[in-house]
Amino acid sequence: MNYSLPFVADTKNMVLSMRFIGLWLLYGLSFLSVSAQETGDYVWFDPLEQLNQIEGQGWPDIGFNRLPDKAEHAVRDAVWSLSKHAAGLSIRFVTDADSLEITYEVDGNYAMNHMPATGVSGVDLYGKDDDGRWLWYRGKNTFGDKVVFHFKTEKSGPEGRRYQLYLPLYNNCKNLRFGIPKGRKITFLPVRTEKPVLVYGTSITQGACASRPGMAWTNVLGRKLNYPITNLGFSGNGRLEPEVMEFITQVDAAVYVLDCLPNLGPNETRNEAEIKKRLYASIKHIRDQKPKADILLTHHAGYSDGEVDSARKAIYETLNRWTTEVFDELRSTGEAHLFMLTKKEINLSNDAFVDGTHPTDLGMEQYAKAYEKKLTEIVTH
């Protein structure tokens, strides 16, 4: 790369300090412009009145969606529907409040048989302490016609404290409101200006089956790197489709991650030739649009029952072999900005799965650690 990113170790503290100073300047200047409604002892705020783009989004003015409106008639209906799930989106803010109430509505089912309501439809709050550590805040919740999360936050000095609220992984989010006690202040922070790491993937990327949004591996990774991540994971529909690739390269990313193998078969129609064709075409499309961007191909992480089910094992071993062959061929022709994250490097343990396919919180943490190491290698190559 011909630029440095703030998660490179020797620049991280300096960048954090500069951001911290800028954040308080923004906080002081912007509070007066925040509109609100009072109800009882709380004052209510709509973040979309202050933010035209949510952290994790690649486009402005799209509400809490993950693809722009023009994608509705360009991608398949299933992809468009899943793009309205708020996976990987978050709202960063500063407040001096000692309690916080979040209310919103969803359209889909609250939970699934292998994923709890807190992950499918819940929100998740983290805050940074004075030492820069991410702290998790427990929220009391109610799932009904309106979803309500109540957080007891920490009293802080006049400047307040920085927080990040992660949005639902497998549901949309409507009429979201922040409530804080009267007399307290809140400032919603704009998206960060660094080029994000963009991940195009499957249900595992979208967040299945994390117990809460903050444990989806892209969100864990974002905290580890202190860096923006754009999550374009579409459950069952990460298929390296050219229609989706057109939108992916509209986002000016630092690294484009292609983690789609679990949705690519193989089967009768997705044979070796077809899957390699999709890999080559996707890489070429990125390279044509973003000549100097880094591209990361990711192996299938495997199934936890692969060692006792030879047919399942053959699926991921075959996909990974074909991907490695594509990678080796392109690297041999001089493609210097192409990288690969292998199954061995991901190294999910036997107990890291909910159903043999989708990670538990433990698996999400292992997944994020593997990506953290690989991405750090890429930006320092």
Side-chain angles (χ1 to χ4, degrees), residues 56-58 66-67 71 75-76 78-89 115 119 169-170 196-210 213 215-222 225 228-249 251 253-265 270 275 278-279 281-283 285-286 293-303 315-316 319-320 323 326-327 338-343 345-346 348 352-354 357-359 363-372 374-375 378:
Q57 287 178 330
R66 293 184 293 146
L67 287 177
V75 302
R76 289 184 299 106
V79 175
W80 173 247
S81 178
L82 289 163
S83 77
K84 291 187 284 186
H85 294 177
L89 304 186
M115 187 173 176
L169 297 173
Y170 265 79
V197 172
L198 184 148
V199 187
Y200 177 25
T202 68
S203 55
I204 297 171
T205 298
Q206 184 168 340
C209 288
M215 287 309 301
W217 74 261
T218 58
N219 291 337
V220 175
L221 179 66
L225 298 179
I229 312 291
T230 298
N231 181 324
L232 291 181
F234 305 112
S235 184
N237 288 274
R239 302 180 185 176
L240 297 179
E241 295 172 301
E243 298 83 1
V244 178
M245 294 301 304
E246 288 288 343
F247 288 96
I248 282 173
T249 52
V251 180
V255 183
Y256 295 89
V257 178
L258 302 179
D259 192 348
C260 292
L261 292 187
N263 288 164
L264 290 178
R270 297 182 200 141
I275 290 172
R278 294 191 189 201
L279 286 166
S282 298
I283 295 166
H285 180 77
I286 296 173
D294 287 325
I295 303 169
L296 176 60
L297 301 180
T298 302
H299 269 185
H300 193 307
Y303 302 126
I315 291 173
Y316 60 78
L319 289 167
N320 290 345
T323 301
V326 169
F327 173 78
L338 181 66
F339 303 87
M340 187 166 64
L341 180 63
T342 67
K343 178 183 180 297
E345 290 173 309
I346 298 171
L348 295 187
F353 297 81
V354 171
T357 300
H358 300 95
M364 290 290 182
E365 176 71 19
Q366 292 171 354
Y367 221 83
K369 284 183 177 179
Y371 267 103
E372 178 188 20
K374 179 62 66 173
L375 287 167
I378 289 173

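Looking at M115 and V354, their side chains never come closer than 4.5 Å, going by heavy atoms from C-beta outward. Contact check for L297 versus I283: side-chain heavy atoms found under the 4.5 Å cut-off. At a threshold of 4.5 Å between non-hydrogen side-chain atoms, the residues V79 and E243 do not count as touching. Side-chain contact between F234 and L67 is present, with heavy atoms from C-beta onward closer than 4.5 Å. At least one side-chain heavy atom of R239 sits under 4.5 Å from a side-chain heavy atom of L264. For the pair V199 and N231, the minimum side-chain heavy-atom distance is 4.5 Å or more. H285 has its side chain within reach of T249: a pair of non-hydrogen atoms, C-beta onward, lies under 4.5 Å apart. Residues L375 and I378 are in side-chain contact: their nearest non-hydrogen atoms beyond the backbone lie under 4.5 Å apart.
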(request) Kindly determine whether L279 and L240 satisfy side chain to side chain contact (heavy atoms under 4.5 Å, CB included), including the steps that lead there. (result) CA-CA 7 Å; L279 286 166; L240 297 179; 3.6 Å; yes
(message) What verdict does the side chain to side chain contact (heavy atoms under 4.5 Å, CB included) test give for Y303 and I315, after you've listed the backbone C-alpha separation in whole Å, the side-chain angles of each residue and the deciding distance to 0.1 Å?
(response) CA-CA 9 Å; Y303 302 126; I315 291 173; 4.1 Å; yes
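In terms of heavy atoms, G207 sits closest to A216 at CA-CB, 4.0 Å. Heavy atoms only, all atoms of each residue included: A208 and Y170 are closest at CB-OH, 3.5 Å. For the pair P196 and V251, the tightest heavy-atom approach, listed with the atom from each and the gap, is CG-CG1, 4.1 Å. Closest approach of L296 and Y371 over heavy atoms only: CD2-CE2, 3.7 Å. When every heavy atom of I229 is checked against every heavy atom of L221, the shortest pair comes out as CD1-CD2, 4.0 Å. The nearest pair of heavy atoms linking G201 to C260 is CA-SG, 4.0 Å.
Distance check: Q206 CD to H358 NE2 gives 9.5 Å after rounding to the nearest 0.5 Å. Here the straight-line distance linking atom NZ of K374 with atom OG1 of T342 works out to 6.5 Å at 0.5 Å rounding. Separating the OG atom in S235 from the CG atom in L169 is a distance of 11.0 Å, to the nearest 0.5 Å. Here CD1 of I248 is found 5.5 Å from CG of L198. Values are rounded to the nearest 0.5 Å. Remark: L261 CG to T323 OG1 distance equals 4.0 Å, nearest 0.5 Å. Interatomic distance, D294 CG to I286 CD1, rounded to the nearest 0.5 Å: 11.0 Å.
Looking only at distances, a side-chain donor or acceptor of R66 sits under 3.5 Å from a matching main-chain atom of L82. Judged by distance alone, the side chain of H299 and the main-chain N or O of K343 form a donor-acceptor pair under 3.5 Å.
If you check the side chains of S282 and Y256, you find no donor sitting under 3.5 Å from an acceptor.
Applying side-chain contact (heavy atoms from CB on, under 4.5 Å) to V257 and the options T218, T298, T205, T230 leaves one that passes, T298.
The aromatic rings of Y367 and W217 sit tilted relative to each other, their planes meeting at an angle between 30° and 60°.
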